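Here's the structure, in structure tokens; my notes come after.
Note that the coordinates shown come from a computational prediction; the quantities given were computed from them, not determined experimentally. Every chain is numbered from 1 and lettered A, B, ... according to where its sequence line falls, protein lines coming before strand lines.
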Amino acid sequence: MNNPIIISDFYPELLQSSSGNAFVIKTTNPELFQDIYKLVNQNNKLHCIYFSDLSKSLSSIDFKPEWTGIPISVFVRVLGELKQLLPKLGIIRSLNLRLFLPAHPDENLTSIKILSSLGIPTGVFFIKGEKINWSLLNDLMYYYFYTINKHADIEPFKYIADHYHHTHINFNAVYFNHPLKYIFCNKFGITSLTEANLNDGKNGDLHISELNENWKNEKKLDFERDLMLNFKHLNACSVCPGWRICLSAFKEQIEENPGCTDFFTEMLDACEFYNKTRQNKPELCSL
Amino acid sequence: MLTVIFKETEACNSNCIYCDVVAKRKPRTMSIDMLEKVYVQFAGYLEKSEENSLNIIWHGGEPCMAGIDFYKKALQFQEKYCSKWKNRIRYAIQSNLTLMDKSFIDIFRQMGINSIGTSFEILPRIRGFGKSRDSEKYIDGFFKGIDLLNRNEMGWGFIYVATRPALQFAKEIFYHLANLSLGHGFDIHPVVVFGSPAENKIVIKSADFAHFLGEIFKIWWPIRTRYPEVDPFRNYLRNYENKERSLSCGNCGDCAYTHIYLGPDGETSHCGRTADWDIIWYGSLFENSLTDLANHPDRMQLDQRIPILKNGECKECEYWEICRGGCPLDSWNVYKDFNHKTEWCDVNRIFLKEYFEPITNLKPIFN
């Protein structure tokens, strides 16, 4: 299946009328997880459930064993009470989860490190307008790439390292926001490149039944054309050594909070170290 | 192979600060009648010997200013007069891309061109449209051109011409170009201005360019696997590793019989620079055969330069194998005589000695 993955709210009728597509289903209601899993997989394939509720903490979520096997990405505001979360560790580890916290407040970066060290796949995400503590984020990135203690994956670091092959890379894919991989769709099956356009009714794109490889190629070219707009002047993003793995994702705050340049520059080195280490890992003799 | 620098038009929609064509002449464009006569001459040259082949570079001015019909006719005349030998004709093109459209891309592809050479400048008022040298509009047009090439699967690569304002931005310019090129290569050249007028704000000295390259090389070397196709560094490296002896036309030392310039009225010169600078003229293509022009006796003076330099100014120079005294025109620019080494000699001496060799630990031992 080479078509883009479709992101939509949970529309049972749309899912029943579609076949052979991969879906990311957005919901803020955990009670629907099992229904979503069953219905999507009837004629299509569930890529992931995208659960996002920024009023919630991780510790407040009632993780259930019935969710076993369902791929779920959880986006919440903070970890909450560790005391409350620890008894749920067994269940959390048994589920197919990736737990995302925003980079702000700073304590979230510590929480992510804790979760990762406990073997739980995690990720950091960025909320527009919220200041990022680049130094602490750098510590987390160093922890992920350089520490020799075993720990679970942290996104978007893993994605960048896995997909970086000396050309540009759009790490927003881990947040289901990548025009070459994902497309948003309303209940009528009309697609749009961005969620904002979908909400504003600025669609005009294809119906999901019309998506094909040509569409993907066109979007790739549109994406590359838009990237070029960063190069009309010398500016902090255009001359950044780390631009190829950031693609100006933080250009709106780079003037007042320029730490992203050092962060992504160091991350390029880290990615190369990580991939080199992975390639050169000696094979131990079997015991 | 004879490389024909085909200046089908001197017209250009841009007003680049360092361009000799824009500065010196009222623009002329070759007529279709003349174009037909040119292909008759090409046929004569190709027929003469199986050894003869042509590498035609549409150069301009801006080649698109000649109009799409010019190139359609060129293909028709090729078919009419050179069809037996068309496998011995190759084409290339240099364009600023700002006038490129699909019809041009289609016709250039029919000529077997699969990549277009261009130039890019990010500093303001160096390349641009009109008297004010509007670089913003120029860059918009350039990016549209790149987008069009990408959409039509036509390759591209660009050169960056370093001018005096660029010298203070070595690091910034390198990353800007490397990020923009997204996997395509680029090549850094110094600006070359005929006569080096002291008042010219863009002129740079060879030592300045050497240090400019050096500053970029310090950045590039540790991360060269990220940006493998950056020249002249890649080229120097290949030569130092003796993987190949690949030299630019200015350093090949044997350009005497390899190039010919063809102007809009059929006038011929040695190359683009000799014509732009009004230095060497071999005569009209319509009064002489291409074979005769390709073997014009005045070419001998360029051929004789190599032994003169090898036994003279460049004697025992450790960089002889990769420099060959540089472009004869650089010598002319200073001495009004071809038999001196290039005025850009310092680029090799300073860049290689002070930056390249200490950083790479490679020695100038050339097979």
Mind telling me whether B/Phe174 and B/Phe186 have parallel, tilted or perpendicular rings, with 30° and 60° as the class edges? tilted
In terms of heavy-atom proximity below 4.5 Å to chain A, should [X] be classed as side chain, backbone, both, or neither?
{"X": "B/Ser135", "value": "neither"}
{"X": "B/Leu123", "value": "side chain"}
{"X": "B/Phe120", "value": "side chain"}

Once you round to the nearest 0.5 Å, how far does CD1 of B/Ile159 lie from CG of B/Asp231? 11.5 Å
When rounded to the nearest 0.5 angstrom, what is the spacing between CZ in B/Phe356 and CG in B/Asn361? 11.0 Å
Does A/Lys26 make a cation-pi contact with A/Tyr50 (under 6.0 Å, within 45 degrees of the axis)? yes
Counting only heavy atoms closer than 4.5 Å, note whether A/His233 contacts chain B via side chain, backbone, both or neither. both
Highest number of heavy-atom pairs under 4.5 Å with chain A among B/Asp147, B/Ile223, B/Asp140, B/Ile139 belongs to B/Asp147
Top of A/Leu268, A/Asn230, A/Leu227 for chain B proximity - count of heavy-atom pairs under 4.5 angstrom: A/Leu268
Could you tell me whether the side chain of A/Asn170 reaches within less than 4.5 Å of the side chain of A/Phe223, counting heavy atoms only? yes
